[in-house]
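Here is the naming used below: chain letters follow the sequence lines, and residue numbers restart at 1 for every chain.
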Amino acid sequence: MNDFERMAELLLPDIDKTPDYYEQIYKPRNLPEGARVTRIAPSPTGYLHLGTLFAALVNRITATSTGGVFYTRIEDTDKKREIEGGVEDIISGLDRFGIKIDEGFVSADKQSGEYGPYKQSERAEIYRTYAKSLIKQGLAYPCFCTAEELDEVRKIQEEQKERTGYHGKWAKHRDITFDEVKALIDEGKPYVVRLKSPGSEENRIVFDDTVKGKIEMPENDEDFVILKSDGIPTYHFAHAVDDHLMHTTHVLRGDEWISSVPKHIQLFKLLGFKPPKYGHISPIMKLDNGAKRKISKRKDPEAAVHFFASEGYDSECVIEYLMTIAASDFEDWRRANPDKSYKDFKFNLKKMSVSGALFDSDKLNDVSKTVISKLDSKAVFEKLTDWAKEFDTEFYEILTENPDYTRAMLSIDRDVPKPRKDIAKWSEAKDYFSFFFDKLYTPDFTLPENITPADAAEFLKRYKSVYNVSDDRQQWFDRIKQIAPEIGFAAETKQYKADPESFKGHAGDLSTVLRIAITGRRNTPDLCSIMQVLGYDTCISRIDAAINSL
RNA sequence: GGCCCGGUGGUCAAGAGGCCUAAGACACCGCCCUUUCACGGCGGUAACACGAGUUCGAAUCUCGUCCGGGUCACCA
């Protein structure tokens with residue numbers, strides 16, 4: 001045994017397997033040519049946020065459109081920052097947004113697939129096996145520096161205007177001998193395992209990022225930590241081992257990782273692995289006091305995906321919006337394929353934006369309205385009541401008190417060829433539909449400026465006497481047109497426009513009066529339908545109330 | 001500060017040397033359609049960060065400047 005081998009045995013005596021063992025277990029995947037294996041590797045240090053969802057979507061759709069596999073892996077190597085329920089929130093959140101997980105953590109407490117375990121804390125032995133192998137080859141070594149020592153070195157480097165970090169001549173334990181290690185271990189000193197980087201600042205490495213294109217950087221020469229003092233691997237090391245063993249073909253992650261690519265590539269090379277393709281996704285940004293910045297979990301409510309749920313944004317709508325950011329050609333495709341699922345879209349990483357997109361709630365609302373307008377009243381009923389049940393129980397009670405009534409209400413301007421685009425999120429519905437429910441309705445008889453209260457009252461009185469609930473739309477409007485000339489209004493809009501001086505207004509103005517009397521609004525869906533749903537008695541009593549208050 | 005990445009209307013973006021007098025979408029405005037409200041249709045305002053260079057020709061290539069973002073941990 002040489003010194004390196006003795007060092008490896010001393011440090012990791014309990015490890016009796018070799019990398020070969022794992023290479024045998026985790027065979028290459030049997031997938032068709034071109035199929036991409038992607039993953040999302042969240043760390044349960046917080047709740048599912050927009051950036052993670054976005055990355056998950058991009059990974060998912062990449063796998064889907066190549067007939068590949070998308071899996072989840074939990075990166076719980078930072079026990080200090082882990083939060084209760086983090087895994088549950090992330091996995092169930094993905095599920096709520098319809099991101100199907102093929103493998104890995106398919107639910108909070110269930111792993112499936114042949115490349116597991118899919119939780120890093122359960123893979124300790126695997127990482128340690130590879131680390132041991134590296135030490136044996138003299139490619140990694142223990143470092144006994146304390147945090148204080150490291151700080152001091154940093155200070156000196158800063159004073160001397162040197163590049164900071166543990167590299168080259170600053171790497172104190174780089175050439176530590178077996179005897180020295182033995183002595184320190186006997187003293188019970190804690191240590192980390194560092195990679196003995198063969199790289200040099202002078203050399204450049206080039207890689208082809210699948211979203212950003214060609215990127216050139218200095219080679220890594222930092223002896224970065226691969227095993228922390230508690231024996232748990234750092235992200236870098238776990239990433240290399242896991243993505244190799246799990247046969248990930250494409251690592252699509254946030255672009256904050258770009259700067260560590262040289263470390264990763266070096267690690268893959270030293271470990272004898274073939275590196276995956278990397279694609280770095282630009283973050284979703286937000287405008288903050290005129291400055292563009294990455295959307296932040298701490299400062300921005302919309303960063304937590306839960307925000308969308310509580311606002312009542314339908315998950316499908318959020319995904320649809322995210323797709324418009326993810327792929328610049330998605331909207332064109334959508335126009336050509338209005339009824340297909342986004343999953344059928346041929347996603348191309350090259351069509352991703354290279355710079356971060358600002359989160360645009362106007363756009364989200366528009367996308368959302370379009371998606372919801374395509375839903376039939378049955379679907380809307382279910383989605384709306386589901387939302388209300390969770391976030392607005394008062395509204396839920398009201399909506400479900402008489403389901404048929406609610407369905408009839410939702411059907412107006414909806415189950416028709418050109419549906420109305422009105423609702424972007426369920427939280428708007430309560431106010432929007434308030435006049436359908438006495439418990440929510442607040443009358444407001446404010447008239448438009450061109451109509452006098454006397455005319456309005458006179459019209460309503462006459463209308464009341466001819467009103468018939470069973471009128472169809474044409475008959476309904478004909479009654480208004482009939483009354484119009486009797487009180488000085490034009491029956492036809494064109495008539496009025498041609499000679500505005502001769503009339504007080506036109507039939508359309510009178511329908512506005514009626515709308516206000518019935519709904520307290522000037523903007524509503526089709527009034528005739530509304531009146532049918534409301535029923536004769538309600539309409540009459542509202543008209544009476546309006547007449548009395550005018 | 002070092003190292004990366006980026007910069008086309010308010011926003012998302014198309015654009016790979018001549019097809020650019022720069023597409024489309026959202027937002028905004030106007031008009032048309034219409035029984036109201038919508039939907040829809042048509043149109044409008046509005047952009048290549050700046051400066052050099054290469055070229056017959058630059059949004060596109062090169063360099064510099066400026067601006068924005070990321071990263072420099074025993075966090076991921």
Side-chain angles (χ1 to χ4, degrees), chain A residues 41-46 75-78 80-81 120 143 145-147 150 154 158 161-166 190-194 201 209 212-213 215-218 222 224-236 238-239 253-262 280 282-283 285 287 291-294 321 324-325 328-332 334-335 351 353-367 373 413 416-422 473-474 476-478 480-481 484 491-493 506-515 519 521-528 530:
Chain A
S43 160
T45 53
E75 310 226 322
D76 59 343
T77 54
D78 185 1
K80 278 167 268 175
R81 296 198 309 152
Q120 293 184 332
C143 163
C145 287
T146 61
L150 261 16
R154 167 174 309 278
E158 275 165 8
K161 302 224 188 298
E162 288 253 6
R163 196 156 47 86
T164 58
Y166 200 93
Y191 66 91
V192 300
V193 175
R194 288 180 184 273
E201 249 283 298
D209 190 288
K212 305 234 183 202
I215 296 179
E216 200 179 320
M217 267 188 270
E222 171 106 5
F224 61 93
V225 174
I226 59 173
L227 243 37
K228 298 187 260 187
S229 57
D230 55 6
I232 294 176
T234 55
Y235 169 84
H236 304 116
H239 152 55
R253 67 248 287 187
D255 72 358
E256 70 271 18
W257 288 107
I258 281 193
S259 57
S260 27
V261 170
H280 293 274
S282 308
M285 316 284 278
L287 213 51
K292 213 173 161 182
R293 52 149 243 257
K294 190 171 160 177
Y321 169 64
T324 68
I325 300 185
S328 60
D329 50 346
F330 179 74
E331 286 187 84
D332 284 339
R334 173 52 82 210
R335 253 190 300 285
K351 292 285 184 184
S353 168
V354 197
S355 50
L358 228 38
F359 181 82
D360 185 348
S361 49
D362 277 337
K363 186 82 182 185
L364 204 214
N365 284 336
D366 178 68
V367 166
S373 74
D413 283 355
V416 295
K418 283 183 175 181
R420 189 185 178 86
K421 284 186 178 181
D422 46 9
R473 279 194 189 195
Q474 191 53 53
W476 175 85
F477 196 71
D478 283 345
I480 295 172
K481 285 210 282 199
E492 303 293 340
T493 312
H506 56 88
D509 293 325
L510 295 177
S511 72
T512 301
V513 170
L514 186 57
R515 169 174 276 113
T519 69
R521 301 285 179 80
R522 295 180 60 175
N523 286 25
T524 70
D526 177 62
L527 225 206
C528 174
I530 289 173

Using the side chain to side chain donor-acceptor pair (under 3.5 Å) criterion, which residues pair with Asp360(A)? Sequence neighbours excluded.
none

With sequence neighbours excluded, tell me which residues meet salt bridge (Lys or Arg N to Asp or Glu O under 4.0 Å) with Arg81(A).
Asp78(A)

Name the residue closer to the 5' end of RNA chain B, choosing between Ser328(A) and Ile258(A) according to the nucleotide with the nearest heavy atom.
Ile258(A)

What's the CZ-C1' distance between Arg334(A) and A25(B), to the nearest Å?
14 Å

Any strand counts, and the cut-off is 3.5 Å on both contacts for Watson-Crick or G-U wobble. Which nucleotide pairs with G24(B)?
C12(B)

Output the rounded distance in Å from OH (Tyr321(A)) to C1' (A13(B)).
12 Å

Which residues satisfy the salt bridge (Lys or Arg N to Asp or Glu O under 4.0 Å) test with Lys294(A), sequence neighbours excluded?
Glu256(A)

Tell me the partner of A49(B), counting only Watson-Crick (N1-N3 plus N6-O4 or O6-N4) or G-U wobble (N1-O2 and O6-N3) with both under 3.5 Å; none if nothing fits.
U65(B)

Might you list the N or O atoms of the protein lying below 3.5 Å from N or O atoms in nucleotides 22-24 of chain B, with each pair's distance?
residue: G24(B); atom: O2'; partner: Arg335(A); partner atom: NH2; Å: 3.1

Check every strand shown and say whether Glu216(A) touches a base, only sugar-phosphate, or nothing at a heavy-atom separation below 4.0 Å.
sugar-phosphate

Which is true for Ala357(A) with a 4.0 Å heavy-atom rule: it touches a base, it touches only sugar-phosphate, or it touches nothing?
sugar-phosphate

Sequence neighbours excluded, the answer for side chain to side chain donor-acceptor pair (under 3.5 Å) partners of Thr524(A) is Arg515(A)

Do Ile226(A) and His236(A) have side chains that approach each other closer than 4.5 Å (heavy atoms only, starting at C-beta)?
no

Would you please name every residue forming a side chain to side chain donor-acceptor pair (under 3.5 Å) with Ser43(A), sequence neighbours left out?
none

If U55(B) has a Watson-Crick or G-U wobble mate with both distances under 3.5 Å, name it; if not, just say none.
none

Residues that Glu492(A) engages under salt bridge (Lys or Arg N to Asp or Glu O under 4.0 Å), provided they are two or more places apart:
Lys481(A)

Give the B/S/- string for nucleotides 71-76 of chain B, one per nucleotide from 5' to 3', where a protein heavy atom under 4.0 Å of the base yields B, of only the sugar-phosphate yields S, and otherwise -.
S-SBBB

Listing time: all N or O pairs from protein to nucleotides 37-41 of chain B that are below 3.5 Å?
residue: C37(B); atom: O2'; partner: Arg420(A); partner atom: NH2; Å: 3.0
residue: C37(B); atom: O2'; partner: Thr524(A); partner atom: N; Å: 3.4
residue: C37(B); atom: O2'; partner: Thr524(A); partner atom: O; Å: 3.2
residue: C37(B); atom: O2; partner: Arg420(A); partner atom: NH1; Å: 2.4
residue: C37(B); atom: O2; partner: Thr524(A); partner atom: O; Å: 3.2
residue: A38(B); atom: OP1; partner: Asn523(A); partner atom: ND2; Å: 3.2
residue: A38(B); atom: O4'; partner: Arg420(A); partner atom: NH1; Å: 3.4
residue: G40(B); atom: OP1; partner: Lys421(A); partner atom: NZ; Å: 3.3

Within the structure, does a side-chain N or O atom of Lys212(A) lie under 4.0 Å from either OP1 or OP2 of G70(B)?
no

I'd like a table of atom pairs between the protein and nucleotides 42-45 of chain B - only N or O on both sides, under 3.5 Å - with the distance next to each one.
none

With sequence neighbours excluded, residues passing ring-ring contact (aromatic ring centres under 6.0 Å, His included) with Tyr235(A):
His239(A), Trp257(A), His264(A)

By nearest heavy atom, map Pro283(A) and Met217(A) onto RNA chain B; which one lands nearer the 5' end?
Met217(A)

Applying the Watson-Crick and G-U wobble criteria at under 3.5 Å, what pairs with G40(B)? Answer none if nothing qualifies.
C32(B)

Looking at Val192(A), is its backbone amide N or carbonyl O close enough to the side chain of Ser229(A) to form a donor-acceptor pair, meaning the two atoms are under 3.5 Å apart?
no

Sorted by chain and residue number, the side chain to side chain donor-acceptor pair (under 3.5 Å) partners of Arg194(A) (sequence neighbours excluded) come out as none

Could you identify the nucleotide paired to G1(B), looking across every strand shown and requiring Watson-Crick or G-U wobble geometry with both distances under 3.5 Å?
C72(B)

